[in-house]
Amino acid sequence: MTLRLYDTATGEVRDFQPLREGEVGIYVCGLTVQSEPHVGHVRSAVNFDVLRRWLLARGEKVTFIRNITDIDDKILLKSAAQNRPWFNLAYDMKRELDKAYDALNVLPPTYEPAATGHVPEMVELIEALIERGHAYPAGDGSGDVYFDVRSWPSYGELTHQNVDDMEAAADADPRGKKDPRDFALWKGWKPESEPATASWPSPWGRGRPGWHIECSAMAGKYLGEAFDIHGGGVDLRFPHHENEQAQSRAAGHPFASYWMHNAWITTSGEKMSKSLGNSLVVPEVLKQVRPVELRYYMVAAHYRSTVEFSFEALGEAATSYRRIENFLERAGGFAESGELPAEFAEAMDDDLGTPAAMAAIHNAVREGNKQLAEGDVGAVVTASNVRRMLAVLGLDPADPHWAAGSGAAEGLSNAVDVLVRALLDQRQAARAAKDFAAADAIRDRIAEAGIEIEDTPEGPRWSI
RNA sequence: GGUGGGUUGGCCGAGAGGCGAGGCAACGGACUGCAAAUCCGUCUACACGGGUUCAAAUCCCGUACCCACCUCCA
């Protein structure tokens with residue numbers, strides 16, 4: 001079975017063929033660390049984490065680079081408004097982002113380069129572009145350097161656009177540009193409005209990098225001039241990725257072989273940033289559901305489908321996930337990893353068809369529940385297969401990552417267990433004596449504490 | 001103006017010419033002291049109008065509405 005992936009550049013699902021057999025290099029555009037991450041932001045990370053895990057499951061060696069942009073206009077604006085240094089804002093938000101990624105069981109990248117750490121690499125790339133006649137320092141003394149769009153005939157190729165049909169920027173201050181569509185590779189320092197700490201020396205004077213050039217430079221440094229997959233959110237297709245590709249290829253680098261883009265999570269049909277209060281910031285959402293349930297919600301939809309966020313749907317996803325967990329617990333589940341059913345593998349090979357993969361999991365769960373009901377020991381095998389499939393999606397309930405248990409939390413849960421068991425013993429005694437009123441009263445009291453009781457052939461079980 | 005995507009049942013969310021994905025909810029049955037969990041069964045679909053075809057949610061043409069991007073937004 002070959003893996004097939006949708007490639008934005010060609011607009012179709014293609015067989016995936018890595019440049020080097022058995023090795024895959026992936027570059028994903030991470031975030032500009034300027035505010036707390038919301039659920040939309042982390043979807044991208046979760047989606048590409050699933051890609052990575054699937055490649056690993058297929059036996060590939062994966063080098064996964066995800067950058068952060070820690071200097072840009074918005075960071076400067078926001079930090080100024082908050083009256084603190086830009087690097088403090090960026091660092092603070094990076095830590096929030098790390099927490100959110102970790103909470104959702106997103107594997108740490110092989111490396112996470114930051115823009116500010118790669119200015120020399122960017123300068124080098126810009127120099128190469130100037131030498132080749134694809135970039136020029138602005139003629140207005142601003143210290144800016146622009147990419148010359150007209151010098152690169154295939155500009156627009158990634159997003160299937162014709163340069164002449166593009167609208168020039170609305171804020172169209174052409175500054176020193178030859179063509180309004182030319183974009184900044186390097187931005188000259190403006191001493192009157194920007195802190196000196198946000199500027200670096202360059203052959204064109206002090207300044208800071210343009211947005212697009214950083215990814216070209218960092219991808220080149222860590223993955224080589226040619227690599228396999230470049231990913232990011234759909235909004236990045238243009239201009240960001242179009243520009244990255246133009247720059248890199250104009251510099252003589254083949255760059256990415258496949259381009260993958262994840263869709264948005266919307267609210268009220270619109271992109272989050274438009275309507276967002278802070279209610280959808282990751283830590284807030286995690287007050288409603290467990291992290292694994294949020295991840296399940298995001299993985300259950302195909303990565304190229306827009307997800308209309310709602311707490312109702314999130315709650316349903318949580319219920320659905322608990323059904324799976326419940327089965328694993330009843331099966332005595334935590335057997336060593338099993339096999340990946342063909343149904344699951346085929347779904348994943350088909351452009352990461354997580355919805356169909358999820359259906360495969362649920363089918364196995366139903367089968368396993370039936371086996372349990374019939375006393376069939378095959379249930380254990382089914383359970384380990386279910387675990388294996390979940391693990392590929394980063395959703396294995398037994399993954400120690402989810403336990404997150406501080407020693408204190410664990411101690412607490414042991415204490416609760418002892419107390420609940422004591423009550424359950426009383427209830428069992430009442431039931432044995434056919435005093436059901438008393439038995440139900442005990443169950444109701446436990447329920448008031450938010451704990452559910454289930455009677456099984458092996459005795460009562462409790463869960464929160 | 002250009003480019004890309006969408007509209008599926010009570011809800012979420014797949015599929016991309018025939019064989020009803022899956023989940024949530026609801027209803028009926030089995031199990032249970034009653035529940036819960038589980039199993040079995042049932043129900044409600046493909047925006048609209050044409051067309052192609054033995055067969056269309058799926059292909060074609062048209063219409064409506066929605067969303068995204070068009071130079072520093074995941």
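These numbers come from a predicted model, not from an experiment. Order of the sequence lines sets the chain letters (A, B, ...), proteins ahead of strands, with each chain counted from 1.
Neither side chain, A:Thr354 nor A:Tyr303, offers a donor N or O lying under 3.5 Å from an acceptor on the other. Under the 3.5 Å distance criterion, with hydrogens and angles disregarded, a donor-acceptor pair is assigned to the side chains of A:Ser154 and A:Trp152.
Rounded to an integer number of Å, the gap from A:Leu372 CG to B:rC40 P is 13 Å. Per the geometry, NE2 belonging to A:His241 stands 13 Å off P belonging to B:rC73, to the nearest Å. Summarising the geometry, the separation between CG on A:Asp165 and P on B:rU71 is reported as 14 Å, rounded to the nearest angstrom. The CD1 atom of A:Ile213 sits 16 Å away from the P atom of B:rC72 (whole-angstrom rounding). Distance CD1 (A:Ile75) to P (B:rC72): 15 Å, rounded to an integer number of Å. The CD-C1' distance, from A:Glu374 to B:rC39, rounds to 9 Å in whole Å.
Between the side chain of A:Arg322 and the base of B:rC24, no donor-acceptor pair of N or O atoms lies under 3.5 Å. For A:Asp164 and B:rG2, a side-chain-to-base donor-acceptor distance below 3.5 Å is absent, hydrogens and geometry of angles not being considered. For A:Arg443 against B:rA35, a side-chain-to-base donor-acceptor contact under 3.5 Å is present. Between the side chain of A:Lys74 and the base of B:rC72 there is no donor-acceptor pair of N/O atoms closer than 3.5 Å.
For A:Phe227 and A:Phe255, the distance between ring centers is under 6.0 angstrom. The distance between the ring centers of A:Phe183 and A:His212 falls below 6.0 angstrom.
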